[in-house]
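Below is one structure; the comments refer to it alone.
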Amino acid sequence: MIEVKNFTKKYGDFTAVDDLSLSIGTGEIFGFIGPNGAGKSTTIRFLATLLRPTSGEGRICGHSVVQDPMAVRRVIGFMPDDFGVYDGMKVWEFLDFFAVAYEIPRVQRKQIIGKVLELLDLTKKRDDYVNGLSKGMKQRLCLAKTLVHDPPVLILDEPASGLDPRARLEMKALLTTLGEMDKTILVSSHILSELADFCTMIGIIERGKMLASGTINEIQRKIQSHRVLKIDIAGEDLDSAAQLLRSNPHVRSVERFDQTLTCEFSGEDSDKSRLLGALIAQGVPVSSFAEQELSLEEVFMMITNGVVS
Amino acid sequence: MLFRDNPVLARELLVNLRANRSFWLQFLYVLGLGTLVFMAWPNSESGGNQISSGAAQSLFDLFFFGQFFLVALVTPAFAAGSISGEKERKTYELLLASPLKPSTILVGKLLSSLTYLILLIISTLPLMILCFLLGGILLSEIVRAYLILILAAGTFGLISVACSSYFRRTSSALVVSYLVILPIALACVAMARTRDAQLRDFVSIAVLPPWCLAIWSLVVVLVGHRLLHPPDVGSEGKEVVDEEEEMKHAIGVVIDRDLFPDKLFAPAKRTDLMPDGTNPVLDKELRSEIFSQGTLMLRLVIQVSMFLSIPLMAVQLFFRPDWAGYYMAYVILFNMLVGPVFSSGSITLERERKTLSLLLTTLLQPGQIVLAKLLAALRVSTALTFLLTEQMLLAYVLVEELRGRFWTLLVFLAILVVTCLMTTSVGLLCSALSRRTSTAMVLTYLSLLVLFAAPVAGGQFLANFTGTTEDQLTALQITSPFAAAFSVPLPQHTEALSYQVEVKTQAVPIIPGTGLPLWAGYLIFNPLLALILFGLTYLCFRWRWWRAAEAV
């Protein structure tokens, strides 16, 4: 559905995005994560046909972003990170404006506007002036605008930025609903946990380079060249247990703290179970044997060094 | 604190004067004026180093009036954005919340916008002294001229800063400043040109300074109060302008969208969805955005222009119908001032308000967008300008001399329509070329000066000091609606027989090689020029913004 190949964007000497490639399948919700200034918005603007690439190519639903921007605009709904609204317009007029701009005939417009207002819970605000809306309402209105032509692909740049916690939750719920409507969504954020719950894939970008992309588990696995195992021993003889662990070829290091041995482990799952078997066969009183789960934030912080921000 | 260590002044001067272009602009300015003096310098072969006092006087006039108009035109361009610019950049509240006194802010803003202009004026002093050496001018006249220039810069600057503090947008502040300053400037010029030396002295010594002082004190008090207790900062909710509520408190002109002629420039808001096939951009511009900044600016524009038109109409249409060209010049000047307000922000405002990326990702074609912008701006500017033509209509019905030449009214109206088209097209092109509305607006005014006024003013100089022929002059003036309006043949006025319809008419300048009178040339040439400008705007918009921009 969305394909980016070797996208590079330079501003003079500064490289905003460096040789970025990604691929998003139909129905996926792709979370695009990176610190401020990492190149998320540049990539998104390129996909939204608003930015000329220095080199590289992008395709949405098979249409080239550079060669055929009109066809791309027809299939995407774009929400910029920083946008304004027109003055002196009411909510329904604003949506009508965009509906006409997307060539929707009048007979359908009334129904569509009612529907998106309802979906985004803006029905009560129908006759309010758009420039008088609060930030959260404006974000919703903009999301409503991206939906009027019912595009199969949504490109949303930081839809939750600047919102209060409740509005953030509501935005999350909305995106989940949209995902259930079988839309392909590219959504960016600089907060990983915000996206992790409902994204089917994530991509982590820093300083213009894609550091990792895939499902959250894949990424976790990819970045953990060493898994971390925590083994609690019931008895006193921790030293022989540590000795035993060290002799295993997949174990890199072993640390001892209290009754717990923490070891870095580079093997597969089958190696892990063999290790446990070996420990028990040697009579080590293992009371607990578990892989330490890294939280998403820990993964994120491990990948990005925070150099940009 | 007021002058030394004024942080506002220091910042602005640093930003303005450290750019290379301020040096180059000054250099070119002095070079240009130097060239003028050089061309007007007496020929050594014709003997002596003196020129006739008349020539020296006209050189002095050129310097004084030229610079006076420069002050009147450029001061608002520098000063009208001083406070509204802070509002647009959203630094206004930061500035107000600082411990700076309102007077410090005001002085900083005023001086920083005037410093460069005063620098320009003073740098021409050596040239002026050179003219003094030619004889024919008194030193006291030169001193007085420069004092008046600086006084004018201060007064116009303060008026512009005041407008800037009252309006949220620089474009509104700019046009209202021009409207207020223009009549003052014209009155000053009329006074300076009077032959009565005693009256001139009296005015320049006893009238001007106290009046300026009064204006200064008034503005300082008003603006100081506004800066101390700002009524125009705060929540986003305040950005909504409730037209009906505003109209209840409006003084003077009230705009009613349902009535003629107001509905010509402000059609009523829609109550239901747009019909199919509507150009949404055009609809949005006319029905929603026209009063987005409130109606104050428009009401002021209509009031001031109508108020000025009354004495002008009395003199130029009824007492001296042969001066109808001058009334036309007033209407054209009005359009020159007001037209760009609606066109030069067309594209830049979309960028500044951050709505351009929303607009560009729709299915609207660039042609649709640019055409809608052109039509909306053209409609508003034409409707407002034609409000001033009802006086002409009246005169053509009532005044016998004019009634006999009714076709000239049609020519005048045609000239106005073409002028509206030109001001709008130029504004739109500048808007597509610039990144900021204020830049686009100043660029538009400059371009219009070059197209409209320079051929007339420059023509005078060329005719006086070089061997340019009448034919060449006429050809040069083809872009100027002023020249076109003055070329329309009107009955000559003769004191004794003013009640008779005079058969004889003034000589009409003919464009060489075509046999067309100048006004006809203007009517044919300029729509074509407007078409070319529109084409350029389209291309510029398409390549710069619509087709994957560099950065929206």
Side-chain angles (χ1 to χ4, degrees), chain A residues 9 11 16 42 45-46 48-53 65-66 69-74 76-90 92-107 109-110 113 128-135 138 142 145-146 148-149 155 157, chain B residues 168-169 235-243 266 269-295 349-366 368-369 372 543-552:
Chain A
K9 179 70 192 176
Y11 295 102
T42 308
R45 273 162 192 274
F46 163 64
T49 73
L50 290 174
L51 198 82
R52 261 174 245 149
V65 171
V66 183
M70 235 32 194
V72 171
R73 288 170 193 185
R74 204 175 280 275
I76 61 167
F78 171 57
M79 176 169 170
D81 57 339
D82 192 8
F83 60 90
V85 290
Y86 292 117
D87 298 325
M89 255 186 177
K90 291 180 176 174
W92 70 266
E93 285 179 296
F94 187 78
L95 293 177
D96 189 36
F97 173 79
F98 282 101
V100 174
Y102 280 109
E103 297 170 0
I104 299 167
R106 193 170 192 272
V107 275
R109 255 184 277 146
K110 186 155 236 159
I113 291 172
D128 285 15
Y129 279 101
V130 286
N131 43 343
L133 294 179
S134 66
K135 168 112 189 173
K138 274 186 193 161
C142 192
K145 177 232 80 143
T146 62
V148 284
H149 59 300
I155 298 179
D157 199 357
Chain B
R168 255 208 313 272
R169 286 219 191 283
S235 77
E236 295 171 69
K238 275 194 190 153
E239 283 170 21
V240 177
V241 175
D242 190 337
E243 265 175 58
K269 283 190 81 68
R270 282 200 186 284
T271 50
D272 202 4
L273 304 181
M274 293 179 223
D276 283 330
T278 316
N279 183 332
V281 181
L282 180 61
D283 204 84
K284 167 200 80 143
E285 300 275 329
L286 284 175
R287 291 176 197 270
S288 302
E289 295 220 85
I290 178 164
F291 294 140
S292 57
Q293 292 306 306
T295 56
L349 263 182
E350 296 271 359
R351 284 193 64 244
E352 286 169 350
R353 256 184 340 212
K354 296 174 182 156
T355 46
L356 190 60
S357 53
L358 298 182
L359 194 63
L360 289 184
T361 45
T362 64
L363 302 178
L364 291 169
Q365 295 286 344
Q368 266 178 304
I369 298 175
W543 288 105
R544 204 159 166 211
W545 303 120
W546 183 77
R547 205 183 156 74
E550 272 309 314
V552 175

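Just so it is clear: chains get the letters A, B, ... in the order the sequence lines come, proteins before strands, and each one is counted from 1. Only a predicted model underlies this, so the values are computations on that prediction, with no experimental measurement involved.
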Exercise. Between A:E93 and B:R287, is there a side-chain N and carboxylate O pair less than 4.0 Å apart?
Worked result: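 Here A:E93 does not pair with B:R287 in a salt bridge, since their nearest N and O are not under 4.0 Å apart.
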Exercise. So, A:D96 and B:R270, do they make that salt bridge, N to O below 4.0 Å?
Worked result: no
For this session: May I ask you to name which of A:F97, A:F94, A:F78, A:F83 has the most heavy-atom pairs under 4.5 Å with chain B?
Result: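 Looking at each of A:F97, A:F94, A:F78, A:F83 in turn, A:F97 comes out on top.
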Problem set entry | side chain to side chain contact (heavy atoms under 4.5 Å, CB included) against B:L349, all qualifying residues, sequence neighbours excluded |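 B:L349 satisfies side chain to side chain contact (heavy atoms under 4.5 Å, CB included) with B:R169, B:E352, B:T437 once adjacent residues are dropped.
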For this session: Check side chain to side chain contact (heavy atoms under 4.5 Å, CB included) between B:K354 and all other residues, then give those that pass, not counting sequence neighbours.
Result: A:D82
Minimum-distance pair of heavy atoms, taken over all atoms of [X] and [Y]:
{"X": "B:S357", "Y": "A:R45", "result": "CB-NH1, 4.5 Å"}
{"X": "B:T362", "Y": "A:R73", "result": "O-CD, 3.5 Å"}
{"X": "B:R353", "Y": "A:V85", "result": "CD-O, 4.0 Å"}
{"X": "A:G84", "Y": "B:L358", "result": "O-CD1, 3.6 Å"}

Exercise. Where does A:I113 contact chain B at under 4.5 Å (heavy atoms): side chain, backbone, both or neither?
Worked result: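 Answer is side chain: those atoms of A:I113 sit under 4.5 Å from chain B.
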Exercise. Does any heavy atom of chain B fall under 4.5 Å from the side chain of A:V72, the backbone, both, or neither of them?
Worked result: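 No part of A:V72 comes within 4.5 Å of chain B.
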For this session: Could you go through the side chain to side chain donor-acceptor pair (under 3.5 Å) check for A:Y86 and B:E350 one step at a time?
Result: CA-CA 9 Å; A:Y86 292 117; B:E350 296 271 359; 2.8 Å; yes
Are [X] and [Y] close enough that some pair of their side-chain heavy atoms sits under 4.5 Å apart?
{"X": "A:K145", "Y": "B:T361", "value": "yes"}
{"X": "B:Q365", "Y": "A:M70", "value": "yes"}
{"X": "A:L50", "Y": "B:L356", "value": "no"}
{"X": "A:R109", "Y": "B:D276", "value": "yes"}
{"X": "A:Y102", "Y": "B:L364", "value": "no"}

Problem set entry | Under 3.5 Å donor-acceptor, A:R106 side chain and B:G277 backbone | no
Problem set entry | Main-chain N/O of A:M89 paired with B:K284 side-chain donor or acceptor, under 3.5 Å | no
For this session: Please state whether the side chain, the backbone, both or neither of B:D272 comes within less than 4.5 Å of a heavy atom of chain A.
Result: both
